[in-house]
Protein chains: 2
Amino acid sequence: MRADARRNYERLLAEAEVAFRERGTEASLEEIARRAGVSIGTLYGHFPTRQALLEAMLHESIDRLVATAEELLTHPSPGEALTRWARATAAHMSAYRGLATSLLSSLKDENSPLYRACQQMTAAGQRLLDRARAAGLVRAEAGADDMFALINAAAWVREQVSDEQGNRLLAFMLDGLRPVPAKTRRPADPGP
Amino acid sequence: MRADARRNYERLLAEAEVAFRERGTEASLEEIARRAGVSIGTLYGHFPTRQALLEAMLHESIDRLVATAEELLTHPSPGEALTRWARATAAHMSAYRGLATSLLSSLKDENSPLYRACQQMTAAGQRLLDRARAAGLVRAEAGADDMFALINAAAWVREQVSDEQGNRLLAFMLDGLRPVPAKTRRPADPGP
DNA sequence: ACCTGAACACCGTTCAAGT
DNA sequence: ACCTGAACACCGTTCAAGT
């Protein structure tokens with residue numbers, strides 16, 4: 001890659017990070033190119049689609065989240081480890097308005113540059129989830145894709161409500177993954 | 001209201017319903033006007049903002065959901081009543097891609113035409129929630145705004161995943177509102 | 001190799017002019 | 001009282017022409 005091309009690439013990435021953070025994942029690509037001091041054609045030359053730009057911008061931080069999951073596998077408490085990872089992931093996603101929507105919808109398209117990112121995060125979550133399940137903290141029907149979807153839903157809701165309510169709602173969702181004790185089920189009332 | 005104005009109003013509403021259902025709540029207003037056979041200026045004359053158009057389009061169905069909540073208050077099982085209402089509401093919302101986002105974000109703006117709609121739905125949910133709480137099925141910290149947010153999150157996630165997974169995730173979220181039995185809490189492990 | 005920017009198609013929103 | 005449609009500002013995306 002030529003030196004000037006590399007410089008343009010880096011500047012585009014930096015401005016994309018700012019724009020996506022401030023205006024969400026639907027931020028204007030023309031504005032990103034403008035602020036990076038390059039032509040819109042240059043942006044498209046490096047990143048053929050919005051998703052490609054998003055993926056490049058997120059690559060490092062997603063790698064870090066996956067590494068965090070790895071580390072948390074050695075945390076003494078499987079439940080606490082799962083909760084911490086879910087919180088960190090939801091917090092990261094909600095930093096970019098619209099990201100949860102972009103991510104979850106990219107799961108429908110194997111060719112999306114974000115598809116791999118979602119797969120990696122789901123796989124990382126799976127190991128934490130299975131460990132918590134082995135400790136009796138997670139019900140049988142809850143899969144790794146369910147947890148990934150819930151984290152995305154928590155990130156989405158966090159974009160729209162107060163931090164306090166956002167934290168509470170994530171906690172509710174994770175509690176929803178716990179096994180439902182048989183004693184609270186009643187024939188006359190299947191519960192809420 | 002003049003007869004021709006009324007006819008234009010109705011046609012705009014009808015085309016908006018189709019467009020929002022097919023293309024989501026960000027559907028092109030110009031296309032709606034075009035399909036209704038009126039000028040874009042006429043659309044703006046009747047509906048000054050996208051939210052105003054959305055509100056008018058949803059008005060009846062939201063009234064119906066509120067009435068459903070009322071009826072469910074007499075259902076023999078408070079838990080079942082709450083679940084049914086949440087399911088019906090989430091299903092209705094997810095029929096229009098982007099609606100959950102529009103609704104939840106309208107809560108930040110008292111002047112939004114959708115604000116009243118959200119308030120009504122929250123109030124309707126509150127009575128079902130309190131009844132379920134009185135039956136010991138809902139934890140103390142969960143408020144009506146939390147349930148409204150969760151229903152929106154369920155509707156949002158339903159837009160992006162299979163029906164089957166969407167149903168499962170809503171069930172998880174509602175289970176997350178249940179009181180957590182003390183015996184499953186352990187000092188060494190706060191759970192997921 | 002890479003970059004530029006005009007070109008095309010589309011949209012949201014306003015408002016003077018019409019009936 | 002209501003409607004029209006041109007006008008303005010903005011955007012996504014492509015591609016011939018330049019270096």
Side-chain angles (χ1 to χ4, degrees), chain A residues 1-57 96-99 101-102 105-106 109 111-114, chain B residues 1-57 96-99 101-102 105-106 109 111-114:
Chain A
M1 202 178 201
R2 238 160 58 181
D4 58 337
R6 159 125 285 150
R7 201 174 53 237
N8 286 340
Y9 180 93
E10 301 294 354
R11 295 199 58 179
L12 281 166
L13 266 192
E15 292 299 339
E17 207 280 333
V18 173
F20 289 147
R21 173 162 252 129
E22 286 176 355
R23 310 206 190 250
T25 58
E26 299 305 317
S28 160
L29 298 179
E30 286 193 318
E31 193 186 320
I32 292 173
R34 222 178 297 134
R35 299 227 269 176
V38 303
S39 156
I40 179 66
T42 302
L43 186 151
Y44 275 92
H46 287 289
F47 309 102
T49 64
R50 184 182 292 273
Q51 296 206 329
L53 178 55
L54 255 179
E55 194 282 331
M57 186 215 95
Y96 308 93
R97 188 158 29 91
L99 179 56
T101 305
S102 303
S105 77
S106 79
D109 176 14
N111 298 321
S112 162
L114 289 174
Chain B
M1 202 176 195
R2 236 159 59 181
D4 58 339
R6 157 126 284 149
R7 200 174 53 236
N8 286 339
Y9 180 92
E10 301 294 354
R11 295 199 58 178
L12 281 165
L13 266 191
E15 292 300 338
E17 208 279 334
V18 173
F20 289 147
R21 172 163 252 129
E22 285 175 357
R23 310 208 190 250
T25 57
E26 300 304 318
S28 160
L29 298 179
E30 284 192 321
E31 193 186 321
I32 291 173
R34 222 178 299 133
R35 299 226 270 177
V38 303
S39 154
I40 181 65
T42 303
L43 185 150
Y44 275 91
H46 286 290
F47 309 101
T49 64
R50 184 181 292 272
Q51 297 206 327
L53 178 54
L54 255 178
E55 195 282 331
M57 186 216 94
Y96 309 92
R97 188 159 27 93
L99 178 57
T101 304
S102 302
S105 76
S106 80
D109 176 15
N111 299 321
S112 162
L114 290 173

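Excluded from the calculations below are hydrogen atoms, water molecules and symmetry mates; all remaining heavy atoms, backbone and side chain alike, are included. Order of the sequence lines fixes the chain letters, A, B, ..., with proteins taken first and strands second; residue numbering starts at 1 for each chain. On a predicted model such as this, the values are computed, not experimentally measured, just so you know.
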May I ask you to evaluate whether Asn8(A) reaches the phosphate of dC3(C), defined as a side-chain N or O under 4.0 Å from OP1 or OP2? yes
Expressed as a whole number of angstroms, how long is the span from Leu12(A):CG to dT4(C):C1'? 14 Å
Could you tell me the separation between the OH atom of Tyr9(A) and the P atom of dC3(C), rounded to a whole number of Å? 13 Å
Atom CZ of Arg11(A) and atom C1' of dC2(C) are separated, to the nearest Å, by 17 Å
DNA chain C: 5'-proximal contact among Leu29(B) and Arg2(B) (nearest heavy atom): Leu29(B)
Which nucleotide, dA1(C), dC3(D), dT13(C), lies nearest any side-chain atom of Tyr44(B)? dT13(C)
Nucleotide nearest Arg34(B) when distance is taken to its side chain, options dG12(C), dC11(C), dT13(D): dC11(C)
note: Ile32(B), atom CD1; dC11(C), atom C1'; distance rounded to Å ~ 12 Å
Of the candidate nucleotides dC3(C), dG12(C), dT13(D), which contains the atom at the shortest distance from the side chain of Ser28(B)? dG12(C)
Under 4.0 angstrom, heavy atoms only, what part of the nucleic acid is Gly41(A) near: base, sugar-phosphate, or nothing? base
In this structure, are over 12 heavy atoms from other groups packed under 6.0 Å from Arg23(A) atom CZ? no
Are Arg11(B) and Glu15(B) within salt-bridge range, i.e. N to O under 4.0 Å? no
Interatomic distance, Gln51(B) CD vs dG12(C) C1' [rounded to whole Å]: 15 Å
From C-beta outward on Ile40(A), which listed nucleotide comes closest to its side chain: dC3(D), dT13(D), dT13(C)? dT13(D)
Under 4.0 Å between a side-chain N/O of His46(B) and OP1 or OP2 of dC2(D), yes or no? no
Non-hydrogen side-chain atoms of His46(A) and Val38(A) separated by less than 4.5 Å: no
Round to the nearest Å and state the distance from Glu26(B) atom CD to dC10(C) atom C1'. 15 Å
Are any of Thr42(A)'s side-chain N or O atoms less than 4.0 Å away from OP1 or OP2 of dT4(C)? yes
Return the value, rounded to whole Å, for the distance between atom CD of Glu31(B) and atom P of dA9(C). 17 Å
Closest contact, heavy atoms only, Ser106(B) versus Leu114(B): OG-CB, 3.5 Å
Compare the minimum distances between each of dC2(C), dC11(C), dG5(C) and the side chain of Glu30(B), then state the nucleotide with the smallest one. dC11(C)
Of the candidates dC2(C), dC11(C), dG12(D), the side chain of Arg50(A) sits closest to dG12(D)
Paired to dC10(D) by Watson-Crick or G-U wobble criteria (both distances under 3.5 Å) is none
Paired nucleotide for dC15(D) [Watson-Crick or G-U wobble; both distances under 3.5 Å]: dG5(C)
For the pair made of CZ in Phe47(B) and C1' in dT14(C), what is the distance, rounded to whole Å? 18 Å
Evaluate side chain to side chain contact (heavy atoms under 4.5 Å, CB included) for Tyr44(B) paired with Leu29(B), printing each intermediate quantity in order. CA-CA 9 Å; Tyr44(B) 275 91; Leu29(B) 298 179; 3.7 Å; yes
Which atom of Ala56(A) lies closest to which atom of Tyr9(A), heavy atoms considered: CB-OH, 4.0 Å
